[in-house]
Amino acid sequence: MTDTVLVACPQCHTLNRVPHARLVAGPVCGRCREALFTAHPVALSAANFDAHAVRSELPLLVDFWAAWCGPCRTMAPQFEAAAKSLEPQVRLAKVDSDAEPALSARYAIRSIPTLVLIRGGGEVARQSGVMSSADIVRWVQSHR
Ligand code: ZN
């Protein structure tokens with residue numbers, strides 16, 4: 001483990017190298033000066049997904065969802081709350097499975113909501129169905 005970590009900016013998706021000790025100190029993006037952690041999930045598309053899923057050195061927890069999906073809407077505030085607990089050790093992101101069929105296909109999403117925990121582009125674990133924020137946090141911690 002090195003003493004720095006590559007983090008993709010949630011605003012401009014530039015990679016920033018951040019010392020581990022500074023992760024919790026409100027680091028900002030060297031390019032756009034926005035906060036690297038906002039305690040909110042970041043909405044990702046095919047254009048910026050790999051910056052967070054592959055090139056960032058933080059684990060990425062993706063919520064595959066869709067606007068028409070009732071259970072997805074039920075879980076949305078739980079996922080929001082989980083972001084507050086899990087950042088800055090994990091990046092939380094949302095992917096609209098209707099708008100991003102290629103990303104859904106890449107991770108073989110068959111039902112929503114589905115959470116996929118990704119590290120270095122590879123799937124570490126997945127869980128389908130509505131979860132509480134506490135369950136999301138516990139589940140992620142169990143796979144770290
Ligand atoms: Zn930025």
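Order of listing sets the numbers, starting from 1, for every ligand and every atom in it.
With Thr4 as the partner, the side chain to side chain donor-acceptor pair (under 3.5 Å) test is satisfied by one option alone out of Arg17, Arg22, His20: Arg17.
Listed by chain and number, the protein atoms of type N/O/S under 2.8 Å from the Zn ion (ligand 1) are Cys9 SG, Cys12 SG, Cys29 SG, Cys32 SG; waters are omitted.
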I'd like a table of donor-acceptor pairs (distance under 3.5 Å, sequence neighbours excluded) in which one partner is a side-chain atom from residues 28-35, with atom names and distances.
| unit_1 | atom_1 | unit_2 | atom_2 | d |
| --- | --- | --- | --- | --- |
| Arg31 | NH1 | Thr14 | OG1 | 3.1 |

Under 3.5 Å, sequence neighbours excluded: what are the donor-acceptor pairs made by side chains of residues 37-48?
| unit_1 | atom_1 | unit_2 | atom_2 | d |
| --- | --- | --- | --- | --- |
| Thr38 | OG1 | His40 | N | 3.4 |
| His40 | ND1 | Glu80 | OE1 | 2.7 |
| Ser45 | OG | Ala47 | N | 3.3 |
| Asn48 | OD1 | Ser45 | N | 2.8 |
| Asn48 | ND2 | His13 | NE2 | 3.2 |

Donor-acceptor pairs under 3.5 angstrom involving side-chain atoms of residues 59-69: please list them, not counting sequence neighbours.
| unit_1 | atom_1 | unit_2 | atom_2 | d |
| --- | --- | --- | --- | --- |
| Asp63 | OD2 | Lys94 | NZ | 3.0 |
| Trp68 | NE1 | Asp98 | OD2 | 2.7 |

Exercise for the section: Determine, stepwise, if the pair Val137 / Leu86 fulfils side chain to side chain contact (heavy atoms under 4.5 Å, CB included). Expected result: CA-CA 7 Å; Val137 170; Leu86 290 169; 4.1 Å; yes
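Distance alone, capped at 3.5 Å, places no donor-acceptor pair between the Thr114 side chain and the Arg110 backbone.
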